[in-house]
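Computed from a predicted structure; not experimentally measured.
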Amino acid sequence: MKKLSARIYANLPIRILIAVIFALLSALIQYVEIIKPAYTVTAGEPAPVTLRMPPAYFRITMLRNEFYYNSAAIQGCQEMVPIGSVVEKDSECAGMVDAFENSRRPINIYKVAGSFVMFLLIALMISAHMSKDGMGRSRWVRTQITVLGLIVFMLAISKFILLFTPFSFQILPVALVPLLVSMLLGKRLSFAAALASALMASSLVNFNVQALFIFLVSGTSSAVAANTFKKRTFKLLKSGVIVSVVVLLATVLSTLLFLGTLDIYEDIFEHINPINSIWLLSLYGGIGASIIASILLPLIGLAVGEAPRARLVDLLELDHPLLKKLMDKAPSTWEHSRAMANLGEAAAHAINGNALLVRVGAYFHDVGKSLNPNFFIENQKGENPHDEMAPYDSARAIFSHVTEGTKLLRKHGVPEDVVSFAYTHHGTSVLEYFWMKNMALGNTDKLSESDFSYPGHKPASRETAILMIVDAVEAAARTIDKPDRKKFTSLVQTIVFGKMIQGQFDDSGLAMHDLRIAIITIIDSLESMYHSRIKYPWQNTDGENSDNKKIAEVTGSVETVGQSETVGQTETIEKAENVDNTEAIDNEENQTNDKKPAPIDNTTGSVIIAPVIITAKPATETVIKDVEKGAVTLAPDSPVVSGETTYTGPAPVK
């Protein structure tokens with residue numbers, strides 16, 4: 001059977017192509033002001049862009065004795081010429097600016113080539129990391145394009161800030177990429193994205209060591225701060241504040257380390273303007289990155305294939321046509337799906353996964369069974385069609401709920417994030433029952449295990465891996481006799497370890513600590529679902545130990561099993577004596593002996609008697625004959641036992 005189509009993994013040729021495009025765009029962004037002549041800063045004219053000169057340049061020119069470096073004489077020109085400012089002609093600053101601009105033009109092809117190779121290596125590095133086993137959805141082509149594209153977007157914003165504002169590099173939104181990656185793809189990839197972003201951003205400021213240090217601190221702190229599927233906007237803003245504080249501390253420490261001096265009072269109180277205050281800019285950088293991230297989050301989520309939360313909430317409505325069909329055609333499968341949803345949601349929540357997605361996936365993963373429900377044992381009512389089918393045909397019939405279910409979901413426009421649960425909940429595992437049956441019959445067609453393997457794909461996310469576990473666990477838990485925690489633990493461990501040996505979790509990104517927490521949570525949930533209760537009195541029929549009192553013996557016994565309520569009135573038989581073995585119970589005589597008026601049903605006029613159980617003895621034949629003659633009136637579910645036939649409900653009434 002042909003495998004179902006799924007999202008495409010990035011192989012080596014695709015990764016190289018993406019990396020080349022990334023490097024070209026990054027090099028273009030880095031040298032955009034050199035490529036465009038209009039962005040040249042000329043002494044005596046307003047600067048069209050902010051010109052930022054590396055301090056090392058002044059040291060070189062001083063050694064060559066081309067210009068005399070005097071910080072007091074060229075104050076304001078030491079590091080940059082702000083956009084719109086005018087550098088006076090014939091000044092020492094003007095000479096330095098002209099020399100620096102002339103050294104960059106025409107563009108040096110070797111510098112461009114060096115930058116291109118550097119960016120290419122960065123892209124290949126992060127792409128190779130994303131393509132490793134266990135990275136889950138990070139291995140998809142669309143995810144790699146999105147992450148590298150996000151880095152290019154951050155680079156473009158940073159370049160715009162450096163060219164068209166006089167702000168210091170502390171305000172650059174380097175935290176933007178790791179914030180979004182941590183939210184959507186997890187912390188493991190977020191740290192790699194933080195490193196790549198820091199290297200790319202530092203290239204824009206001539207690899208300033210202090211800037212590289214601050215960018216690394218900003219990226220790693222954002223990777224740690226953000227990772228949740230709940231209240232994301234609030235969490236992003238909170239993470240932005242944390243990043244801002246960390247960057248501020250990093251700025252203080254790096255200033256002491258690289259400059260050997262620190263004057264916060266002068267910076268804040270004499271240069272309260274945020275343009276000049278690096279401390280205020282440090283605070284603005286993290287907060288600004290979090291604001292941009294919160295705006296881009298829905299768009300980036302769609303780009304990496306994540307279903308919007310609002311869409312998932314809509315799919316929980318039980319009036320969805322696919323769910324209604326599943327409830328109608330395969331009600332037992334639907335109950336199985338609901339139980340799975342509870343188990344899976346709890347496990348996903350425990351590992352900080354997308355619990356809402358798991359619940360929706362549990363609802364829809366088996367919709368294919370609604371097409372031929374009788375092929376699945378939970379929906380069978382009598383005959384089993386597989387008894388008359390060859391094992392290979394039976395396997396194909398079972399596999400159809402995966403293939404046809406996937407087609408149904410895609411036809412109805414269900415998000416691919418939810419569709420993936422349909423073709424991954426069995427992975428590529430072997431349908432062992434029919435494979436063994438085929439072998440027992442001699443395997444006359446010379447089939448292999450692959451012919452009895454599901455045509456799906458291994459789980460590619462933590463959420464789909466969780467659903468694979470609970471699908472097997474929930475079904476198996478129903479077969480446990482006298483369930484307890486020890487049996488549940490053995491069951492879950494056996495299933496999980498079996499899936500691990502088969503390699504079903506290899507592509508899911510499910511870490512070992514995630515698996516441990518999930519197992520414990522599932523066991524706890526099973527124990528809660530199947531916990532025992534004390535029996536009600538009417539369920540206990542052990543004679544003297546029963547809470548019900550023995551009231552009569554009819555060549556056996558007649559015992560109360562509860563109370564009957566009609567029009568707000570109840571009556572419990574407490575005692576019945578001298579009942580002849582060959583006659584039915586005479587309710588009127590019992591009422592006379594008790595000296596109580598019998599309760600009457602205002603609708604039918606019949607005397608109301610509490611429900612009883614009549615043991616199957618010869619005397620019951622009289623009751624049955626009276627019923628047939630119409631001498632005794634019985635409720636539709638009256639307790640008359642004859643042979644193997646039992647009726648439950650109110651006692652017979654004459």
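Using a 4.5 Å heavy-atom cutoff, the side chains of Met340 and Tyr363 are not in contact. In this structure, Val224 and Ile242 have side chains that are not in contact, with every pair of non-hydrogen atoms separated by 4.5 Å or more. Ile351 places a side-chain heavy atom less than 4.5 Å from the side chain of Leu510. At a threshold of 4.5 Å between non-hydrogen side-chain atoms, the residues Val152 and Leu148 do not count as touching. Within the 4.5 Å cutoff, no side-chain heavy atoms of Tyr392 are placed close to those of Asp445. By the 4.5 Å heavy-atom criterion applied to side chains, Leu17 and Pro13 are not counted as neighbours. Side-chain contact check for Arg359 versus Leu316: some heavy-atom pair is nearer than 4.5 Å. Residues Asn342 and Glu474 have side chains not in contact (no heavy-atom distance under 4.5 Å, counting atoms from C-beta outward).
Ring orientation note: the planes of His320 and Phe364 are nearly perpendicular, at an angle over 60° on the 30°/60° scale.
The NZ atom of Lys369 lies 4.0 Å from the CD atom of Glu378; values are rounded to the nearest 0.5 Å. Atoms OG1 and CG, on Thr220 and Leu195 in that order, are 10.0 Å from each other to the nearest 0.5 Å. To the nearest 0.5 Å, the span separating CG on Leu28 from OG on Ser115 amounts to 12.0 Å. Taking OG of Ser400 as the start and CZ of Arg396 as the end, the distance is 10.5 Å to the nearest 0.5 Å. A distance of 6.5 Å separates CD1 of Ile377 from CG of Asn384, quoted to the nearest 0.5 Å. From Ile517, atom CD1 reaches atom CD1 of Ile522 across 12.0 Å, with rounding to the nearest 0.5 Å.
Checked against the 6.0 Å centroid criterion, the rings of Phe421 and His365 do not qualify as a close aromatic pair. Checked against the 6.0 Å centroid threshold, Phe399 and His426 do not count as a close aromatic pair. Checked against the 6.0 Å centroid criterion, the rings of His401 and Phe375 do not qualify as a close aromatic pair.
Of the residues Arg232, Arg311, Arg7, the one that meets the salt bridge (charged side-chain N to carboxylate O under 4.0 Å, His left out) test with Glu306 is Arg232. Residue Thr489 is tested with Arg485, Lys487, Lys486 for a side chain to side chain contact (heavy atoms under 4.5 Å, CB included); the sole match is Arg485.
With Arg410 contributing its side chain and Val419 its backbone, the two residues share no donor-acceptor pair below 3.5 Å. Of the possible donor and acceptor atoms, one in the side chain of Ser508 sits under 3.5 Å from a partner among the backbone N and O of Phe505. Without hydrogens or angle criteria, Ser290 side chain to Ser239 main chain gives no donor-acceptor distance under 3.5 Å. Looking only at distances, a side-chain donor or acceptor of His412 sits under 3.5 Å from a matching main-chain atom of Leu408. Lys187 contributes a side-chain N or O that, together with a main-chain N or O of Ala223, makes up a donor-acceptor pair within less than 3.5 Å. Within the 3.5 Å criterion, the main-chain N or O of Asp524 finds a donor-acceptor partner in the side chain of Ser528. Panel note: side chain Ser190, backbone Pro178; a donor-acceptor pair is recorded below 3.5 Å. Remark: the backbone N or O of Gly219 is paired with a side-chain donor or acceptor of Ser222 at under 3.5 angstrom.
Heavy atoms from other residues, nucleotides or ligands lying under 6.0 Å from CE of Met529 number more than 12. The environment of Lys329 atom NZ is sparse: at most 12 non-hydrogen atoms of other residues, nucleotides or ligands sit within 6.0 angstrom. Within 6.0 Å of the CG atom in Leu12, the count of heavy atoms belonging to other residues, nucleotides or ligands exceeds 12.
Between Asp514 and Gly509 the shortest heavy-atom distance is OD2-O, 4.4 Å. Summarising the geometry of Leu326 relative to Asp366, their closest heavy-atom pair is CD1-O, 3.7 Å, with the distance given to 0.1 Å. Here the shortest heavy-atom pairing between Arg462 and Gly353 reads NH2-CA, 3.6 Å. The heavy-atom pair separating Val181 from Ala193 by the smallest distance is CG2-CB, 4.1 Å. Closest of all the heavy-atom pairs between Asn379 and Pro331 is OD1-N, 4.1 Å. Nearest approach of Ser294 to Pro298, heavy atoms of both residues: O-CD, 3.8 Å.
A salt bridge is defined here as a Lys NZ or Arg NE, NH1 or NH2 lying under 4.0 Å from an Asp or Glu carboxylate O, and Arg139 with Asp507 meets this definition.
Looking at Arg309 and Asn354, their side chains never bring a donor and an acceptor atom within 3.5 Å of each other. Between Thr424 and His457, the side chains place no donor N or O within less than 3.5 Å of an acceptor N or O (distance only, hydrogens not considered). Judged by distance alone, the side chains of Ser131 and Gln144 do bring a donor and an acceptor atom under 3.5 Å apart. With no hydrogens or angles considered, a side-chain donor-acceptor pair links Thr464 and Ser461 at under 3.5 Å.
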Under the criterion side chain to side chain contact (heavy atoms under 4.5 Å, CB included), I'd like the reasoning laid out for Lys325 against Ser370: C-alpha separation, chi angles, the key distance, then a yes or no.
CA-CA 7 Å; Lys325 184 176 182 180; Ser370 63; 3.9 Å; yes
Start with the C-alpha distance between Phe434 and Ile398, add both sets of side-chain angles, then the distance that settles side chain to side chain contact (heavy atoms under 4.5 Å, CB included), and finish with yes or no.
CA-CA 10 Å; Phe434 291 111; Ile398 297 297; 4.0 Å; yes
Test side chain to side chain contact (heavy atoms under 4.5 Å, CB included) on Leu120 and Phe22 and set out the steps.
CA-CA 7 Å; Leu120 181 64; Phe22 170 84; over 6 Å; no
Carefully, step by step, assess Leu296 and Ile292 under the rule side chain to side chain contact (heavy atoms under 4.5 Å, CB included).
CA-CA 6 Å; Leu296 292 179; Ile292 298 174; 3.8 Å; yes
What side-chain donor-acceptor pairs closer than 3.5 Å can you find for residues 496-504, not counting sequence neighbours?
{"unit_1": "Gln504", "atom_1": "OE1", "unit_2": "Thr428", "atom_2": "N", "d": "3.2"}
{"unit_1": "Gln504", "atom_1": "NE2", "unit_2": "Thr428", "atom_2": "OG1", "d": "3.3"}

Sequence neighbours excluded and cut-off under 3.5 Å, please list the side-chain donor-acceptor pairs for residues 153-161, or say none.
{"unit_1": "Ser158", "atom_1": "OG", "unit_2": "Met154", "atom_2": "O", "d": "2.9"}
{"unit_1": "Lys159", "atom_1": "NZ", "unit_2": "Gln30", "atom_2": "O", "d": "3.0"}
{"unit_1": "Lys159", "atom_1": "NZ", "unit_2": "Glu33", "atom_2": "OE1", "d": "3.0"}
{"unit_1": "Lys159", "atom_1": "NZ", "unit_2": "Glu33", "atom_2": "OE2", "d": "3.1"}

